[in-house]
Amino acid sequence: MRLGDFNVKLVNGGNFRLDGGAMHGVVPKTIWNRLVSCDDQNRVEYATNCLLIEGPSGRVLIETGNGDKFSEREREIYGIDHDHSIEHNLRELGVAADSIDFVVMTHLHFDHSGGTTRNTDGKVAPVFNRARHVIQRGEYADATHPHERNRASYLKENFAPLADAGLLQLVDGEQEIVRGLKVIPTPGHTAHHQSVLLDDGNGHKLLFFGDVVPTSLHLRLPFIMAYDLDVVGTLETKRKLLDRAAQERWLLVFGHDVVTTAGYLGQDKKGQWAITEPVDLK
Ligand SMILES: [Zn+2]
């Protein structure tokens, strides 16, 4: 899709499965299971949607998906159905990893940072070896000092090689990365989570949520993942973002939705936020 000077394309970094209860927080299964189906282990299938943005200042990749470094056991736990990393899927589109100028990650959980490195003959090395990898300084600090509640989400192999290779660009708060594209702090899921706002300069804006609103179902204010470290923080971040998104008619992109990957915001019959105009960013 064209947005002013930018070309925007959604590329999936690989599907996986997560516990439906954990994904919907306090919302009971009798409600969420009417809206999304799960397997016999209570798991729901999710995508790891990444966004390739090509503009006058270069190529920017938002998120890198699951990657392909999982062990057999992890593959089973997360129901990973194939090995197609973002690197592989970009190559199929004719986009080489070393043509990416910036990689922006909303946070460093494995389903967002897994594709930044690959394992070649037992050595884990960066995939996008020319790119600056943009994350919030606080997120990097948290990822490198995990505690019992978030340790399973932060895998060192996804970010330590970037630091070793000098490819990290740590930022503090809101910051323009290339002209028209900025990161904005959206705390809640993690304390230093960021989202990406693209402005084409002609009044058209696109927001990549990250895990503040992982799927279109999570537009409903009480639908907040149990993974989030600060649930009320997520609620306040969502409230603010969605009010602005409706007022300024932002195009919204969801990182984990397998069906409704992007669209414009409206309200359903009950007055809850919902995507009323889906958009295909392929
Ligand atoms: Zn995620």
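In each ligand, atom 1 is the first atom listed, and ligand 1 is the first ligand listed.
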- Please list, in chain and residue-number order, the protein N/O/S atoms closer than 2.8 Å to the Zn ion (ligand 1).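 As for protein N, O or S atoms lying under 2.8 Å from the Zn ion (ligand 1), they are Asp111 OD2, His112 NE2, Asp211 OD2, His256 NE2.
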- Message: Keeping His256 on the side-chain end and Ala47 on the backbone end, is there a donor-acceptor pair under 3.5 Å?
- Response: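 Yes, His256 side chain to Ala47 backbone: donor-acceptor pair under 3.5 Å.
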- Any side-chain heavy atom of Phe16 within less than 4.5 Å of one from Phe70?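 Contact flag for Phe16/Phe70 side chains = no.
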- Query: Would you call Asn66 and Phe110 a side-chain contact if the rule is heavy atoms closer than 4.5 Å?
  - Reply: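 Result yes, sub-4.5 Å side-chain heavy-atom pair found.
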- Message: Working note: Asp228 + Thr234, criterion side chain to side chain donor-acceptor pair (under 3.5 Å); need CA distance, chi angles, decisive distance, verdict.
- Response: CA-CA 8 Å; Asp228 291 20; Thr234 298; 2.8 Å; yes
- For the atom pair OH (Tyr154) and NE2 (His109), what is the distance rounded to the nearest 0.5 Å?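 Output value for this atom pair is 4.0 Å.
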- State the CD1-CG distance between Ile86 and Asn12, to the nearest 0.5 angstrom.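 One gets 7.5 Å once the value is rounded to the nearest 0.5 Å.
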